[in-house]
Amino acid sequence: MPLSVRHPQPAPASLRAPVAGKTAGGSGRVRIIGGQWRRTVLPVANKPGLRPTPDRVRETLFNWLGQDLSGLFCLDVFAGSGALGFEAASRNAAQVTLVELDRQVISQLQANARKLQASNMHIQRGDGLLALQHPPQAGSGWDVIFIDPPYAAQLELPALKAALGRLSPEGMVYLESAQAWSEERLAELGWQRRHYLKAGAVHAHVLLQL
């Protein structure tokens, strides 16, 4: 069953840890870097291709988006490790919806949310592109849409097209990619590039709708 609850609680002390690394059995871990669950380390399902957004990129992203997301509705359409969604929830977003197809990954995301008592998170199994067709439970559109699909899946272009018209008036899209999307190419699709960062193999973009 999806988690659909509202007011986040502080993480139990037993979940807090100073660093992230590898867990037993080979599955990874992700560390929340800001907000009420800062320094909390969460396990990541042991699945090929899971690629949590690096700490440096997440730190920069939430400097761009704001450290306090109170009242905002966020959608992560290719949740994977859940790193982006848990960061948003830690910063008091009103609701964070995580969408993921893989059953094992969904189970780990739900377990992590339960351990955190993350009552502002809604986790659902499904197609991220289809999820973009549905608005949040409140408001006229999403305030933040995270688009970080597997690099090999070639989902960035269809996701950008599907996200058009799905934002609130001040809403933003975060796009993580293996390539830089030029301002010209984005403008052809109806987007304006507001921020851009390259960190190693990661190209991070924050977009506004034209």
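Fair warning: this is a prediction, and the values are worked out from it, not measured in the lab.
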Worksheet entry | Pair V105-L50, side-chain contact (heavy atoms from CB on, under 4.5 Å): steps then yes or no | CA-CA 9 Å; V105 175; L50 277 189; 4.2 Å; yes
Item to complete: For R39 and I32, run side-chain contact (heavy atoms from CB on, under 4.5 Å): C-alpha distance rounded to whole Å, both residues' side-chain angles, the deciding distance at 0.1 Å, then the answer.
Response: CA-CA 6 Å; R39 297 171 68 93; I32 299 175; over 6 Å; no
Fill in: Test log, rule side-chain hydrogen bond (donor to acceptor under 3.5 Å, both in side chains), inputs Q67 and N63
CA-CA 6 Å; Q67 296 297 328; N63 285 334; 2.8 Å; yes
Item to complete: Quick one: do L189 and L157 satisfy side-chain contact (heavy atoms from CB on, under 4.5 Å)? Show the steps, please.
Response: CA-CA 9 Å; L189 296 171; L157 179 58; 3.6 Å; yes
Worksheet item: Under the side-chain contact (heavy atoms from CB on, under 4.5 Å) criterion, do D76 and T97 qualify, and how do the steps go?
Response: CA-CA 6 Å; D76 187 348; T97 298; over 6 Å; no
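With hydrogens and angles disregarded, a donor-acceptor distance shorter than 3.5 Å links the side chain of R166 to the backbone of L132. Between the side chain of Q104 and the backbone N or O of K47 there is no donor-acceptor pair closer than 3.5 Å. Judged by distance alone, the side chain of Q209 and the main-chain N or O of G165 form a donor-acceptor pair under 3.5 Å. A distance-only check finds no donor-acceptor pair linking the side chain of R51 to the backbone of G80 [under 3.5 Å]. Under a 3.5 Å cut-off, the side chain of K115 and the backbone N or O of Q117 do not form any donor-acceptor pair. One N or O on the side chain of D143 and one on the backbone of F73 form a donor-acceptor pair closer than 3.5 Å. When atom types are taken as modelled, the side chain of H205 and the backbone of W181 share a donor-acceptor pair closer than 3.5 angstrom.
Across every non-hydrogen atom of A163 and I145, the tightest pair is CB-CD1, 4.2 Å. Of all the heavy atoms in A83 and P52, the pair that sits closest is CB-CB, 4.4 Å. Taking every heavy atom of both residues into account, A199 and R56 meet most closely at CB-NH1, 3.8 Å. Minimum interatomic distance between G35 and R91 (heavy atoms only, all atoms of both residues): CA-CG, 4.2 Å. The two atoms that bring V99 and A131 nearest to each other are CG2-CB, 3.8 Å, heavy atoms only.
No continuous path of ILVMFWY side-chain contacts below 4.5 Å connects L65 to I147, so the two sit in separate hydrophobic clusters. Both F62 and W64 are part of a single hydrophobic cluster, where members link through side-chain heavy atoms under 4.5 Å apart. The same ILVMFWY cluster, assembled from side-chain heavy atoms under 4.5 Å apart, contains both L61 and Y151. Residues V202 and V206 share a single hydrophobic cluster, defined by chaining ILVMFWY side chains whose heavy atoms lie under 4.5 Å apart. L69 and I33 end up in different hydrophobic clusters when Ile, Leu, Val, Met, Phe, Trp and Tyr side chains are linked at under 4.5 Å.
Atom CG in L186 sits 15.0 Å away from atom CZ in R194 (nearest 0.5 Å). Considering CG of L175 and NE2 of H195, their distance stands at 14.0 Å, rounded to 0.5 Å. Taking CD of E188 as the reference point, atom CD of E183 lies at 12.5 Å (rounded to 0.5 Å). Note: Y174 OH to L84 CG = 6.0 Å, rounded to the nearest 0.5 Å. How far CG of L207 is from CD of Q192: 9.0 Å, rounded to the nearest 0.5 Å. The structure places CG of L98 at 8.5 Å from CG of L75, a figure rounded to the nearest 0.5 Å.
R125 and D102 are not joined by a salt bridge, as no carboxylate oxygen comes within less than 4.0 angstrom of a charged side-chain nitrogen.
Side chains of L164 and W191 form a contact here, defined as non-hydrogen atoms less than 4.5 Å apart. Looking at heavy atoms from C-beta onward, M172 lies in side-chain contact with L208 at the 4.5 angstrom threshold. Looking at R58 and V30, their side chains come closer than 4.5 Å, going by heavy atoms from C-beta outward. Between L72 and W142, every side-chain heavy-atom pair lies at or beyond the 4.5 Å cut-off. Side-chain contact between F78 and D148 is absent, with no heavy-atom pair separated by less than 4.5 Å. The shortest distance between side-chain heavy atoms of T40 and F86 does not fall below 4.5 Å. In this structure, the side chains of Q95 and N120 stay at 4.5 Å or more apart for every pair of heavy atoms. Side-chain contact check for V144 versus F146: some heavy-atom pair is nearer than 4.5 Å.
Under the 3.5 Å distance criterion, with hydrogens and angles disregarded, a donor-acceptor pair is assigned to the side chains of S177 and E156. Side-chain contact of T53 with E176: a donor-acceptor pair under 3.5 Å is present, judged by distance alone. Checked by atom type, the side-chain pair N112/Q108 shows a donor-acceptor distance below 3.5 Å. A donor atom on one side chain and an acceptor atom on the other are found under 3.5 Å apart for Y196 and H203.
In E170, the CD atom is not crowded: 12 or fewer heavy atoms of neighbouring residues, nucleotides or ligands sit closer than 6.0 Å.
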